[in-house]
Novice: 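Below is the structure I would like to discuss, written out as structure tokens.
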2 protein chains.
Amino acid sequence: MALEHAILVSLLEQPGSGYELARRFDRSIGRFWTATHQQIYRVLRRMETDGWVAVEAVAQDARPDKKVYSVAAPGRSALGAWLREPVEPETVRHELAVKIRAAAFEDPGELIPEVERHRESHAALLARYLTGEQRDFPDPSALDAQQQLQHVVLRGGIEYERMTLAWLDDVLATLHRLHRHTD
Amino acid sequence: MALEHAILVSLLEQPGSGYELARRFDRSIGRFWTATHQQIYRVLRRMETDGWVAVEAVAQDARPDKKVYSVAAPGRSALGAWLREPVEPETVRHELAVKIRAAAFEDPGELIPEVERHRESHAALLARYLTGEQRDFPDPSALDAQQQLQHVVLRGGIEYERMTLAWLDDVLATLHRLHRHTD
DNA sequence: CCCCGCATGTAACACGTTACATGATTCG
DNA sequence: CGAATCATGTAACGTGTTACATGCGGGG
């Protein structure tokens, strides 16, 4: 229900092709919404049928043609309507948490390398966010509304990664403690 | 791919019926994995066919009969195998973040009540977690392995809610600032 | 008497994932 | 010459959501 809206936001920020959208969903938007190119092409076709987006075929030299999508008036008002209706607080899906509780029925020490892998991947993501923040928002006092809102979402990602890193350290300490006791 | 495993963990912690599992997924397990009863019944039937769980029909007086499921040996080894294979760090889906970026194209002030609603719901969840922590883990030095692992997962939930509350305050401050400037 | 809780299910549909397919150009 | 990037797509499958269905017992 929200992939359409994420696409509308992305196209309002900057029109682009399905391929370009897929790349954005691997980067900035992927922080809070993921989608593969197959999904994006499918939804774009539906949005085009519904008149939410307009398409323009663009020929390129030395590259395949592309279809550049932009938001049409009905899409824009659909976004406004969605903004005004409440969404439910997200349901979290945390596979690692399932594993941690599962570890009680196996050797908890076995989970340590897996948790360390996650820790590294979250540390890398935090580093990328911080670099991106420096690059895109060097002077927080000189941002327009759109950038301020992008920035506050990015700060959410940064705080999420910091919190997760601290929690994974807590998890690792717990696993190490249990590991020693079963030696 | 992981609903099976979440069910296995829940049944290892305590055997129960599909209905009871659905209620647990609304409470403790719902912190990191959600499922409706329809999904649970469907997956339980498959797990029974695969020999992962054993069923015992239990007649109750003044209540409908129920099927109590417990983990069989093949289910237990499937859980062990899953624990040993790596899972990818979760993909976050944060609808509110989409809305915040969408607010740049409408009146940002309109989003304030929605964000406040989310703030209240996260505050209520945090309060529930803290109460549950007091009740279930009053003396952290006297916990067995299973409880320590449940506790560290709960601490993750608590820290997540704290971080989210702080971030939503940041979001609200940003929206208020933008609102004043468009007066 | 009606609604709520217990308990299990079917059916249809929406959404997401994986695999496969095509074809051009650029870079090492 | 092979791999990577650009660009769009089909097909099959698996997972998740919504609506509907059934039936008993207890409480207001």
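We name chains A, B, ... by the order of the sequence lines, and we start the count at 1 in each one.
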Novice: Would you say that more than 12 heavy atoms from the other residues, nucleotides or ligands in this model lie under 6.0 Å from the CZ of B:R84, or not?
Specialist: yes

Novice: Report yes or no: do B:E20 and B:Q14 form a side-chain donor-acceptor pair below 3.5 Å?
Specialist: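 No, no side-chain donor-acceptor contact under 3.5 Å.
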
Novice: To the nearest angstrom, how far is A:H5 atom NE2 from C:dC15 atom P?
Specialist: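 Result: 11 Å.
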
Novice: Counting heavy atoms not belonging to A:Q134, are there more than 12 under 6.0 Å from its CD?
Specialist: no

Novice: Decide whether A:E133 and A:H151 meet the rule of one side-chain donor and one side-chain acceptor closer than 3.5 Å.
Specialist: yes

Novice: In whole angstroms, how far is the P atom of C:dT17 from the CD atom of A:E95?
Specialist: 12 Å

Novice: Considering every strand and a 4.0 Å limit on heavy-atom distances, what is the contact class for A:Q38: base, sugar-phosphate, or nothing?
Specialist: base

Novice: Please pick, from D:dT17, C:dT10, C:dT17, the nucleotide with the shortest atom-to-atom distance to any side-chain atom of A:Q39.
Specialist: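 Side chain of A:Q39 sits closest to C:dT17.
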
Novice: Let me know the distance between NZ of A:K66 and C1' of C:dA24, rounded to the nearest Å.
Specialist: 16 Å

Novice: Residues of residues 22-34 of chain B with any non-hydrogen atom less than 4.0 angstrom from an atom of DNA chain D: list those, numerically ordered, please.
Specialist: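 Within this stretch, nothing sits under 4.0 Å of the strand.
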
Novice: Supply the atom-to-atom distance A:E106 CD to A:K99 NZ, rounded to the nearest 0.5 angstrom.
Specialist: 11.0 Å

Novice: For B:H37 and C:dT10, give me the distance from atom NE2 to atom P, rounded to whole Å.
Specialist: 11 Å

Novice: Send over the distance from B:R45 CZ to C:dA11 C1', rounded to a whole Å.
Specialist: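 Interatomic distance, CZ of B:R45 to C1' of C:dA11: 12 Å.
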
Novice: Tell me whether the side-chain N or O atoms of A:R63 pair up with the base of C:dG23 as donor and acceptor below 3.5 Å, since no angle test is needed here.
Specialist: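 For A:R63, whose side chain was compared with the base of C:dG23, there is no donor-acceptor pair (under 3.5 Å).
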
Novice: Between C:dG16 atom P and A:L3 atom CG, what is the distance in whole Å?
Specialist: 6 Å

Novice: Of the options D:dG16, C:dC6, C:dT8, whose atoms approach the side-chain atoms of B:S17 most closely?
Specialist: C:dT8

Novice: What's the CD-P distance between A:E56 and D:dA7, to the nearest Å?
Specialist: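 In whole Å, D:dA7 P and A:E56 CD are 15 Å from each other.
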
Novice: How close or far is atom P of D:dT22 from atom OH of B:Y19, stated in whole angstroms?
Specialist: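 Going from B:Y19 (OH) to D:dT22 (P), I get 19 Å.
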
Novice: Tell me which nucleotide among D:dG16, D:dC6, C:dG9 gets nearest to the side chain of B:Y41.
Specialist: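 Output: C:dG9.
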
Novice: Can you check whether B:R93 has a side-chain N or O nearer than 4.0 Å to OP1 or OP2 of C:dG16?
Specialist: yes

Novice: Any side-chain donor paired with an acceptor under 3.5 Å for A:R177 and B:Q148?
Specialist: yes

Novice: Is it true that atom CD of A:E116 has more than 12 heavy atoms of other residues, nucleotides or ligands lying nearer than 6.0 Å?
Specialist: yes

Novice: Want to settle it: does A:P64 or A:A35 sit nearer the 5' end of DNA chain C, counting the closest nucleotide to each?
Specialist: A:A35

Novice: Looking only at the side chain of A:Q60 (C-beta and beyond, no hydrogens), which of the listed nucleotides C:dA7, D:dA7, D:dA12 gets closest?
Specialist: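 Nearest listed nucleotide: D:dA7.
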
